[in-house]
Enquirer: 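I have a structure I would like to understand better, so I am pasting it below and will then ask my questions one at a time.
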Amino acid sequence: MPLDLDSLNPAQREAAEHNDGPLLILAGAGSGKTRVLVHRIARLLEEGRARPWEILAVTFTNKAARELVERCRAMVGDTADELWVGTFHGMGARLLRRHCEELGCSRSFTIMDGDDQLKIARDVITDARLDPAVLRPETLRNFIENAKHEARSPADEEARGAFDDLVPLYAAYERRLRALDAMDFGDLITRVLELFRGAPGLLERYQQRFRYVLVDEYQDTNHAQYLLVSRLAGGHGNLCVVGDDDQSIYAWRGACLRNILEFERDFAGAEVVRLEQNYRSSGNIVAAAHGVIANNGDRKDKQLWTDATAGRKVHVVTTTDERDEARYIVAQAAEGDPGDVAVFYRTNAQSRAIEEELVRSRIRYVIVGGTRFYERREIKDLVAYLRFIANPRDEISLARVINVPTRGIGRTTWERLIVEARNRDGTAWDLLEGSDPLSFVSPAPRRRLNDFRVLARRWLAMNRAAVTPLLEAILEDTSYEDHLHDHDGEDADSRIENVHELLTVSQEFDEEYDEREFADADDNADDADPTRSDPVLGALATFLERLALNADVDNYEEQGGHVTLMTLHNSKGLEFDRVFIAGAEEGVFPHARSMAEDGRGLEEERRLCYVGVTRARRQLSLLHASRRSLYGTLQENLPSRFLDELPAAVVERIVTRQSSTRGGMSASKGAQAYGGQGYSGARKQNARSDTTPAGRSYAQQTWAEGARVVHPMFGAGRVSSCSGSGDSEKVEVRFDQVGLKRLVVKFAKLEAV
DNA sequence: AGGGAACACCTTTTT
DNA sequence: GGTGTTCCCT
């Protein structure tokens with residue numbers, strides 16, 4: 001697509017033609033803000049106002065960054081690769097690695113995730129001889145995170161005089177991070193601020209270099225990020241921020257709505273452009289979105305509108321329970337192209353019922369977020385090995401792997417090692433790396449520590465130019481797959497599969513990294529400017545950084561034929577032809593925890609609803625169930641108040657009807673049957689084979705060899721053998737997708753086909 | 001030192 | 001309902 005300002009509407013064009021000075025673009029959902037950003041960047045380049053590396057664009061996700069670069073490339077060609085585009089955290093990490101010597105950390109510092117932070121918080125609490133049951137690690141972590149969102153150091157907190165008991169622990173936590181050569185997420189911003197504070201000359205050079213600064217999703221920036229942007233754009237004031245206060249959904253992560261509401265005050269002479277025309281959704285959907293968000297008080301004055309025709313009405317669907325809800329959604333999804341469909345929910349736990357129904361109906365799906373690949377135990381183990389090798393002072397990772405697989409280094413040995421290390425003012429590896437005789441433990445554990453030391457040295461000496469060989473060495477030296485096999489019985493297969501998946505990821509990375517190094521070589525060679533050249537980071541450190549800063553949405557690509565499932569939070573920035581929002585019930589959405597004292601939590605839930613609604617292009621359904629079992633208890637929830645806020649004129653109400661005698665289902669509107677079949681026979685048998693009050697079953701065998709069955713997770717299969725009866729009845733089923741599984745009938749929700 | 005069972009806890013959203 | 005933690009037994 002060529003640069004063509006005539007293709008923009010007047011407001012879009014005004015924003016794209018803005019040159020110097022602060023600019024606030026209030027961009028409603030679906031109003032073409034990315035188009036505007038891309039046009040503006042392309043124009044600045046084509047008119048020679050900036051060279052690509054003089055433009056800094058900060059996005060909310062890596063995926064958004066990639067898309068921005070892609071679309072710029074379509075207009076200006078490969079020079080787009082020289083733009084600085086990334087997330088706040090990615091930019092922070094890049095700057096910190098560049099200037100680590102000023103900060104007293106190493107270039108290969110570790111990035112700690114939320115879990116790691118919690119472990120460190122816990123250590124700090126116990127080191128202070130406090131009881132983690134009384135002062136919960138979460139409390140300390142949240143305190144520290146909040147402080148960092150606000151860019152407050154322990155000294156600042158002390159000066160404020162708040163939380164006297166937590167401040168020294170915050171200080172101890174900071175010391176600990178330094179000792180481990182580690183940064184947490186907050187540090188990736190606050191330590192850049194620190195860097196600039198300590199080196200005004202350096203800040204000045206970056207101000208000169210980044211002649212134009214752009215920030216997307218500005219409504220979701222926190223105070224520290226605001227400070228960073230203010231510093232960077234401080235000289236020239238060429239700061240363009242894009243945002244929508246109605247889509248601010250991350251207050252709990254420190255996002256500060258104030259940043260966007262007060263932009264004009266913060267940056268004098270700011271021009272403000274409102275993009276209010278929606279190009280995404282049908283008229284009824286836009287009207288629904290407006291009906292909801294108009295109930296919020298604290299917002300900039302603007303109204304989304306559209307030229308589009310009204311389209312279908314917005315469906316509000318009442319179902320009996322969450323399974324009924326799932327059945328309705330899946331039946332609807334199956335009617336068209338499932339690839340056009342997205343299902344959103346408030347909490348990850350809600351995905352389960354929908355997934356089960358999708359599996360049963362053999363509709364493929366992708367799930368964004370939830371229990372992520374990198375949170376699986378086996379993956380965390382292997383990544384911990386890699387992290388330890390990249391930074392042997394990362395004691396959190398060392399603690400995780402030193403006895404996995406079991407190699408006789410138990411709690412006692414580890415604790416002695418730590419005590420001794422602290423006595424000598426170092427970390428565990430500081431003690432192990434030399435030739436210390438380890439006389440603080442008895443001969444047997446000493447030998448085991450020595451064995452580990454030898455193993456670790458071998459890995460540390462390996463070339464870090466590629467990740468895969470390293471991973472393979474670890475797997476081999478530790479017999480890790482055998483360990484999974486012995487230790488995880490039933491789950492071993494899927495865990496081993498995940499290990500192989502990690503190897504695939506590392507292989508892909510290695511190939512790409514190789515090419516990139518090659519491409520970068522001449523770019524950096526002729527440039528002595530420290531604001532331009534990145535230090536060469538080994539493949540390993542780059543790989544780990546990418547894992548740490550990678551969000552699940554970053555990997556999400558539309559897959560033909562697959563229904564997409566995700567939380568409402570993850571849906572921001574995406575769009576789909578047909579959207580289903582499940583669980584529109586008081587207590588679920590809005591979530592019970594958001595409805596505390598002030599109305600601010602509720603207003604954020606409403607914005608979340610607005611985000612979800614505005615993702616839909618053609619069709620939108622909101623569902624609520626009369627009863628729902630959640631967290632193991634049965635709840636009866638009222639329909640969400642947000643449903644009442646939808647303008648009646650755009651809504652069509654649908655109530656599913658469940659025949660109590662046959663278990664067959666239909667919807668009251670137009671008698672659409674949606675999959676009641678296949679749901680009676682087997683299930684009733686199971687119901688009848690219920691246990692007596694004494695807990696003993698009196699049923700005969702439920703299944704016969706050769707029966708075709710469907711399992712909620714494994715899909716379809718055929719019973720190959722049966723044994724036992726009643727509670728202990730077991731079957732072997734050969735599933736079409738996942739092969740042979742042994743199942744206890746009582747627990748495996750098998751159904752006849 | 002290691003494994004398993006009982007226990008408690010907690011259930012929002014995630015860079 | 002699940003997970004993580006602790007404690008107790010071997």
Side-chain angles (χ1 to χ4, degrees), chain A residues 58-65 86-93 111-115 117-119 122 126 131-133 136-138 142 145 148-149 183-189 217 220-222 224-225 248-255 344-353 368-372 374-375 377 403-416 441-442 444-445 448 486-487 545-554 566-572 583 587-596 601 604-605 607-609 611-612 629-635 747:
Chain A
V58 186
T59 57
F60 194 65
T61 62
N62 293 301
K63 180 171 186 269
T87 63
F88 268 106
H89 292 94
M91 173 180 75
I111 297 172
M112 295 285 179
D113 68 17
D115 261 10
Q117 288 174 272
L118 224 42
K119 283 179 184 154
R122 188 183 196 84
T126 48
D131 182 358
R136 301 187 31 235
E138 284 88 348
N142 293 344
E145 272 200 329
K148 291 188 179 184
H149 290 151
M183 307 266 177
D184 63 19
F185 283 128
D187 285 340
L188 296 180
I189 314 298
E217 307 283 10
D220 286 320
T221 52
N222 63 35
Q225 291 165 337
S248 166
I249 54 174
Y250 285 103
W252 52 274
R253 216 171 71 187
F344 304 151
Y345 34 80
R346 179 66 233 272
T347 64
N348 283 306
Q350 289 167 255
S351 72
R352 197 191 193 100
V368 179
T371 307
R372 274 157 287 172
Y374 294 104
E375 284 168 13
R377 195 189 67 218
N403 203 30
V404 176
T406 316
R407 46 173 80 89
I409 303 172
R411 215 186 61 200
T412 319
T413 308
W414 175 253
E415 273 171 7
R416 286 194 184 145
V441 287
S442 42
R448 294 169 188 144
D486 300 342
H487 206 263
E545 174 170 313
R546 204 178 287 187
L547 294 197
L549 299 181
N550 181 57
D552 207 49
V553 257
D554 292 338
M566 68 181 84
T567 61
L568 285 150
H569 280 88
N570 268 320
S571 77
K572 198 171 70 163
V588 177
F589 184 39
H591 195 274
R593 297 214 13 179
S594 72
M595 294 188 280
E604 179 148 317
E605 296 285 303
R607 291 192 292 268
L608 192 54
C609 184
V611 167
S629 69
L630 206 55
Y631 309 125
T633 55
L634 196 66
Q635 302 177 349
F747 299 115

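Proteins get letters first, then strands, A, B, ... in listed order; numbering begins at 1 in each.
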Enquirer: Would you say A:N348 reaches B:dT11's phosphate, i.e. side-chain N/O to OP1/OP2 under 4.0 Å?
Expert: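 For B:dT11, OP1/OP2 do not have a side-chain N/O of A:N348 under 4.0 Å.
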
Enquirer: Which of the following nucleotides, B:dT13, B:dA1, B:dT11, is nearest to the side chain of A:R448?
Expert: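 So the side chain of A:R448 is nearest to B:dA1.
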
Enquirer: Answer with base, sugar-phosphate or nothing: what part of the nucleic acid does A:T412 contact at a heavy-atom distance below 4.0 Å?
Expert: sugar-phosphate

Enquirer: Would you classify A:N403 as touching base, sugar-phosphate or nothing, given that sugar-phosphate means primed atoms plus P, OP1 and OP2, and contacts are heavy atoms under 4.0 Å?
Expert: sugar-phosphate

Enquirer: Are A:Y250 and A:F60 close enough that their ring centres sit under 6.0 Å apart?
Expert: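 Between A:Y250 and A:F60, the centre distance is under 6.0 Å.
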
Enquirer: For the pair made of CZ in A:F185 and P in B:dT13, what is the distance, rounded to whole Å?
Expert: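 Roughly 16 Å, once rounded to whole Å.
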
Enquirer: What is the separation between atom NE2 on A:H591 and atom P on B:dT13, rounded to the nearest whole Å?
Expert: 7 Å

Enquirer: Between A:L188 and A:F88, is there a side-chain heavy-atom distance shorter than 4.5 Å?
Expert: no

Enquirer: Taking CZ from A:F88 and C1' from B:dT14, how many angstroms apart are they, rounded to a whole number?
Expert: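 Checked: the CZ to C1' distance equals 16 Å.
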
Enquirer: What I'd like to find out is whether the side chain of A:K572 reaches to under 4.5 Å of the side chain of A:E217, using heavy atoms alone.
Expert: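 Yes, close enough: below the 4.5 Å cut-off.
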
Enquirer: Regarding A:T406, tell me which of base, sugar-phosphate or nothing describes its non-hydrogen contacts under 4.0 Å with the strands shown.
Expert: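 Here A:T406 touches the backbone only, sparing every base.
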
Enquirer: OP1 or OP2 of B:dT15 sitting under 4.0 Å from any side-chain N/O of A:T61?
Expert: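 No, no such contact exists.
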
Enquirer: Rounded to whole Å, how long is the line connecting atom CZ of A:R546 with atom P of B:dT15?
Expert: 16 Å

Enquirer: When you match A:I249 and A:R407 each to their closest nucleotide on DNA chain B, which lands nearer the 5' end?
Expert: A:R407

Enquirer: Examine B:dT14: is either OP1 or OP2 under 4.0 Å from a nitrogen or oxygen in the side chain of A:N570? Give yes or no.
Expert: yes

Enquirer: Could you check whether any side-chain heavy atom of A:H591 comes within less than 4.5 Å of a side-chain heavy atom of A:E605, counting everything from C-beta outward?
Expert: yes

Enquirer: Does the protein touch nucleotides 1-7 of chain C at the base, only the backbone, or not at all? Give it as B, S and - per nucleotide, heavy atoms under 4.0 Å.
Expert: SS--SS-

Enquirer: Please give me the minimum heavy-atom distance between A:A93 and A:I111, naming the atom from each residue.
Expert: CB-CD1, 4.4 Å

Enquirer: Do you know which two heavy atoms are closest between A:N62 and A:L549, and how far apart they sit?
Expert: ND2-O, 3.0 Å

Enquirer: Between P on B:dT14 and CD on A:E145, what's the gap in Å once rounded to a whole number?
Expert: 14 Å

Enquirer: Assess whether a salt bridge exists between A:K148 and A:E145, defined as any Lys/Arg side-chain N lying under 4.0 Å from an Asp/Glu carboxylate O.
Expert: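 Judged by the 4.0 Å cut-off on N to carboxylate O distance, A:K148 and A:E145 do not form a salt bridge.
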
Enquirer: Do A:H569 and A:W252 have ring centroids that are under 6.0 Å from one another?
Expert: yes

Enquirer: When you get a sec, tell me which of B:dT11, B:dT15, B:dT13 is the closest nucleotide to the side chain of A:T347?
Expert: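 Of the options given, the side chain of A:T347 lies nearest B:dT13.
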
Enquirer: Between A:P445 and A:W252, which is nearer to the 5' end of DNA chain B once each is assigned its nearest nucleotide?
Expert: A:P445

Enquirer: Rounded to whole angstroms, how far apart are NZ on A:K572 and P on B:dT15?
Expert: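 Rounding to the nearest Å, NZ of A:K572 and P of B:dT15 are 11 Å apart.
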
Enquirer: Without decimals, in angstroms, what is the distance between A:D184 CG and B:dT14 P?
Expert: 19 Å

Enquirer: B:dT14 C1' sits how many Å from A:Y345 OH, rounded?
Expert: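 So the two atoms are 14 Å apart, to the nearest Å.
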
